[in-house]
There are 2 protein chains.
Amino acid sequence: MNPPPKTAAGTRTLSGPAGCEESLRHCDAALVRAFGFLGKRWSGVILGTLANGESGFADLKRRVEGISDSVLSDRLAELQGAGLIVRSVESGPPVSVSYALSESGRALMPAMFELSAWAAKNLPDAR
Amino acid sequence: MNPPPKTAAGTRTLSGPAGCEESLRHCDAALVRAFGFLGKRWSGVILGTLANGESGFADLKRRVEGISDSVLSDRLAELQGAGLIVRSVESGPPVSVSYALSESGRALMPAMFELSAWAAKNLPDAR
DNA sequence: CAAGTAACTCTGTTTTTCGAAGTTACATGT
DNA sequence: ACATGTAACTTCGAAAAACAGAGTTACTTG
């Protein structure tokens, strides 16, 4: 998605260097990919929580209120697979596992800040 | 979520003017609210698609590839309820309905642009 | 008047997400 | 020594969400 490159008349397009050359304006492959992750329950919140610092499984579960063990486990595996977070085992004793944002995970944070600021202004509360 | 206000030692916090006064760093109520919508399948993509201009139900369904009628219908109702999009009926004939971003919906777009840019760089493809 | 399009809704099936319990490994208290 | 506790998960059956596809109503076009 590129900042709308205003066309002559009201017909705005998204087309940029790398996509959506067709005149149909339904693309934005990158956004679709982003929401392949973020469009799943909890992913965004987990990422946002990890912005506060790394934490272990049990700790994360406490910080992300309402998530279940199995879903937390699934999400961590997905995010890890996508390279957004890093799982590291500190081989104790006691052994402990901790999850933290990776380089690309950290690169997401500016967008998260904006999202959060937007929500603060535009989603009053009681949805 | 606020840009991390570095604390003395490694303990970063998110606490800002309006939330998370407690020392537990698991808050960010605004982000959680944002993902109450965006964390559902299709919501983000629908919003991103509407950034290209308003469109009717059938048109949207074509532009958001893969969505089903019933889910599109649900999402439009939700987004409308939250005031992110506006449904307007142009009473023809032929009568037609069209959906467009509202003021707050448009306010989300800068965050979407960032998200998209991030995905373009950090989510190569084939997930 | 037959066919098509828009905008949905309804129904039944598949996929996700859920809470709760179970597992393995180590640590601590008594 | 042994019961208890914590961390890190996995497994299971049930509830909720998403899906595909058929049906509905209203209006237009050939």
Side-chain angles (χ1 to χ4, degrees), chain A residues 24-26 32-50 52-82 85-100 127, chain B residues 24-26 32-50 52-82 85-100 127:
Chain A
L24 303 163
R25 49 278 162 60
H26 63 122
V32 172
R33 255 178 294 142
F35 280 106
F37 292 99
L38 302 180
K40 289 187 163 189
R41 208 174 171 190
W42 301 117
S43 300
V45 178
I46 291 173
L47 256 1
T49 299
L50 286 178
N52 286 324
E54 61 168 38
S55 69
F57 191 93
D59 191 24
L60 252 182
K61 189 184 148 109
R62 257 176 259 118
R63 292 163 67 180
V64 179
E65 297 184 56
I67 197 172
S68 68
D69 285 18
S70 46
V71 175
L72 177 53
S73 188
D74 278 2
R75 292 294 174 271
L76 289 173
E78 283 180 11
L79 295 173
Q80 202 191 152
I85 64 178
V86 176
R87 177 189 132 116
S88 44
V89 184
E90 341 275 354
S91 52
V95 287
S96 78
V97 177
S98 77
Y99 297 91
R127 47 153 313 193
Chain B
L24 302 163
R25 49 276 160 63
H26 63 123
V32 172
R33 254 178 295 142
F35 280 106
F37 292 99
L38 302 180
K40 290 188 163 190
R41 208 174 171 187
W42 302 118
S43 300
V45 178
I46 291 173
L47 257 0
T49 299
L50 285 177
N52 286 324
E54 61 168 38
S55 70
F57 191 93
D59 191 24
L60 253 182
K61 188 184 148 108
R62 256 176 259 118
R63 292 162 68 179
V64 179
E65 296 185 56
I67 198 172
S68 68
D69 285 18
S70 47
V71 175
L72 177 53
S73 189
D74 279 2
R75 291 294 173 272
L76 290 174
E78 284 180 9
L79 295 173
Q80 201 190 153
I85 63 178
V86 176
R87 178 189 133 115
S88 44
V89 184
E90 340 275 354
S91 52
V95 286
S96 78
V97 177
S98 77
Y99 296 90
R127 54 147 310 191

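What you see below is based on every heavy atom in this structure, not just the backbone, and it leaves out hydrogens, waters and symmetry mates. The chains referred to below are lettered A, B, ... by the order of the sequence lines, with proteins before strands, and numbering in each begins at 1.
- Atom CD1 of Ile46(B) is separated from atom P of dA18(D) by 11 Å (rounded to the nearest Å).
- What you find for Arg87(B) and Val97(B) is that their closest heavy atoms are CG-CG1, 3.7 Å.
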Would you sort out whether Phe57(B) and Ser73(B) count as a side-chain contact (heavy atoms from CB on, under 4.5 Å), showing the intermediate values? CA-CA 8 Å; Phe57(B) 191 93; Ser73(B) 189; 4.2 Å; yes
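- If you take CD of Glu54(B) and P of dA7(C), they are 11 Å apart, rounded to a whole angstrom.
- In this structure, Lys61(A) NZ and Ser55(A) OG are separated by 13.5 Å, a value rounded to the nearest 0.5 Å.
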Show, in sequence, the C-alpha distance, side-chain angles and deciding distance for Ser98(A) and Glu90(A), and conclude whether the side chain to side chain donor-acceptor pair (under 3.5 Å) test is met. CA-CA 8 Å; Ser98(A) 77; Glu90(A) 341 275 354; 3.2 Å; yes
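- When rounded to the nearest whole Å, the span between CG of Leu72(A) and P of dA7(D) equals 13 Å.
- OP1 or OP2 of dC9(D) sits under 4.0 Å from a side-chain N or O of Tyr99(A).
- Contact between Leu38(A) and Ser43(A) at its shortest, heavy atoms only, is CA-CB, 4.4 Å.
- Interatomic distance, CG of Asp59(A) versus OG1 of Thr49(A), reported as 10.0 Å (0.5 Å rounding).
- The phosphate of dA6(C) has OP1 or OP2 within less than 4.0 Å of a side-chain N or O from Arg62(B).
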Protein-proximity profile, nucleotides 9-22 of chain C, B/S/- by nucleotide at the 4.0 Å heavy-atom cutoff, equals BB------SBB-B-
